[in-house]
Amino acid sequence: MFHISEASVADTSTHTAIRFLPEHRAFTLTGQAFSYIFAVDLDDVVLRHLHWGARLGDDDVSLLIYDAPRRIGSNTWSRPRAHTEELVAHGGLRFDECALKVEFSDGVRGLELAYADHEISGNELAVRLCDRHYPLDVVLRYRVYPGALERWMEVVNTGDDAIVLDRSASASWAPPWLATPMATWLPGMYAAETQVTRAPLGVGRLVLESRRGVPGHAAHPWMAVDGGADEEHGEVWSVAVAWSGSWKIVAEHAFDGAVHLTAGRNDFDLRQPLRPGESVVLPATVGVYSDGGYGELTRRWHTHERQHVVPRPRHARPVLYNGWEASFFTVAHDQQTALAKRAADLGAEMFFIDDGWFLRRFDETAGLGDWTADPDKLPGGLAALADEVHARGMAFGVWVEPEAVNPDSDLFRAHPDWIYQWPTRARSLARNTHLLDLGRPAVRSWMFEALDALLRSADIDALKWDINRPMSESGTAGSEPAAIGHVRGLYEVIDRLRAAHPHVMIESCASGGGRADLGMLARTEWAWPSDNTDALERLAIQEGYGFVHSPHTMMCWVTDSPSYLGKRAAPLRFRFHVAMCGILGIGGDLTGWSDEEMAEAAGYVKRYKEIRETVQFGQLYRLASPRRGEFSSLSYVASDGSQVVLFAFAQTVRYCVQTRLVRLRGLQPDAVYENVDTGGRFSAAYLVGHGLRVSLVGDYASELVVLRTVSPT
Ligand code: GLA
């Protein structure tokens, strides 16, 4: 059986501080390499945002306090300007993008908030604001981590009348003044997720969002701004929304250079009633600042995710086999065990049966909702398959899509009212399914019980939790709007399931990478970044995914050549090397692989296990990006510095060039490194200053070099 091993991840949770400076009525929130500062009641601003970025000292706070912004342009802009306010709440002369807008029962839609009190508790700060006239509290919440700041708010109706939240983002974030603001974001589409994109942030608004009920493929819930940074230099400010539903980030850049970002749930089609006594806790947004360019930004995101977000942070992820592309819907016990035998021969540590295993599941048209194994396909059920997989030393995982239901299913026939719908409108089908109304307590209970029963029916070690349709006709019988109730229901079911089955690991999937946000990654061990397993396309997809997320959450399969979506052929070596950049998985039809291919593949799996801890938990350095040309390279430096893993790729090598020099980064300055295969030795100065020569010839060329630290010679 696969035993997950402990990786050494340094715990830096003590490098944070929250202070209130009474003489300035200022809050200073300090991480390892950033300061975040705001103050109470300055000028006509309730909470004035003063600084987010490089670390500042207490003396600097006095300067910030007296550095009052001039009011030029007040005929043009909001008063106060959005970038000077800690919370932009609609009301008065505010016309900039706001984070909060409410309607009171008498029709009044302006807020007038005043500071009430605050509480500091460990690494958390809560600042309570009260409306001057109406019974409404807004609590701004902060959690400081060494490399990240989490911000969200809570809105409380303390009165006897209903209030409607018209717009309720979680926070606005403002970097300091930037001479030429640039934005970086991760747009894409199905099978082409997370494509790193950087462009000038023009004057106006850049809106990134999903309206689909899942974070979606069109953009990842993340954005960064800089004033001229590159991979290795410069300051970058980035924000992510930790919410697994519709989200929105708006970057507003005014003509005078002011920039602020508003981030949180999407207000599209969402008006949330807040009944008397009710409160709503809005999802967290996470801000990460870097003063070492995009490379350092990525490393800070990875460290934060490993230490504070993802479950089982220190456990190496298994080498996985998944039979989807080998079987599609045509699964059968003997065919799966044949694949399992081959997967075990390669050294896989976890075997997944994907879609197609349950009743009436011959294609997309039926079966979703009925989580019982099809006895014709699996006469011994999942239990017999699990036993065979375990007997081969692998853990066993099962695909599910619990939120969707086919009309042709016993579940739907029994509960046709359990889906989102408008009584007078047609019900849209997407991938032949409806979406179950997770706002209903009965649906939440059913989902927990069905999955709990599934996990008890066989010795199952992991689930791949998929969702393949958006939310539409979002009428709900739940007490919250569908867009909110669904995500809360999802979290509730997963959390209950994890508590009931603590050994079970979960992979997050949504037609590929449609739901790999921080909310989901807080509840799942890894995500599936894309259905596109074409190794060349994967280089770009993985670069984007890995911009924010740690490689130990990035599942990557080696599949057959030509690839099934792109029909591109690539050598086994190239396909393995690309997949070894994250969690190595294999997804090809192994029964068709020759003995030579099996032997070659087993060699890559063996090598992966030697470098896995460095790849999954080390420091990532992008040495040459696939965005810039046919050649790309990246390296991983083990957290204790003892190993360096270098990958180099070339789609094609032109002009008779046969080698490339790759200059390494992140090495220990005095160390000597040895190539574990050739025994060649190099000083850090040589590898950083001159470079390591790698051989790349022909098409789909790739190289993997493993260096270990040896004592200085
Ligand atoms: C989605 C997933 C795939 C696979 C299929 C099964 O498309 O992204 O990996 O699981 O569903 O139907």
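All ligand and atom numbering here is 1-based and tracks the order in the structure.
- Side-chain N/O atoms of Ser238 and Trp301 include a donor and acceptor closer than 3.5 Å.
- Counting only residues at least two apart or in different chains, ring-ring contact (aromatic ring centres under 6.0 Å, His included) contacts with residues 518-539 comprise Trp528-Trp557.
- Under the 6.0 Å distance and 45° angle rule, Arg622 counts as a cation-pi partner of Phe547.
- What sits closest to atom 2 (C) of ligand 1 on the protein, heavy atoms only, is Asp466 OD2, 3.1 Å.
- A donor-acceptor contact under 3.5 angstrom links the side chains of Arg361 and Asn406, judged on distance only.
- There is no side-chain donor-acceptor pair under 3.5 Å between Ser550 and His302.
- Every atom of ligand 1 with a heavy atom of Cys509 under 4.0 Å away is listed here by number and element: 2 (C), 8 (O).
- Within ligand 1, counting atoms from 1 as listed, the ones closer than 4.0 Å to a heavy atom of Asp354 are 4 (C), 6 (C), 10 (O).
- Between Phe329 and ligand 1, a contact under 3.5 Å exists for no N or O pair.
- Test Arg498, Arg314, Lys464 against Glu525 for salt bridge (charged side-chain N to carboxylate O under 4.0 Å, His left out) and you get one pass: Arg498.
- Distance from atom 12 (O) of ligand 1 to its nearest protein heavy atom, with residue and atom name: Asp355 OD2, 2.6 Å.
- For ligand 1, the atoms closer than 4.0 angstrom to any heavy atom of Asn468 are 1 (C), 7 (O), 11 (O).
- Heavy-atom separations between Glu325 and ligand 1 are all 4.0 Å or longer.
- Remark: ligand 1 and Trp324 share no N or O pair separated by less than 3.5 Å (distance only, no angle test).
- Side-chain contact of Glu193 with Ser530: a donor-acceptor pair under 3.5 Å is present, judged by distance alone.
- Checked against a 3.5 angstrom limit, the closest N/O atoms of Tyr190 and ligand 1 fall outside it.
- For Arg612 (side chain) and Ala316 (main-chain N/O), no donor-acceptor pair under 3.5 Å exists by modelled atom type.
- Considering both main-chain and side-chain atoms, Asp531 comes within under 3.5 Å of ligand 1 through a nitrogen or oxygen pair.
- Within the structure, ligand 1 has Lys464 among the residues with a heavy atom less than 4.0 angstrom away.
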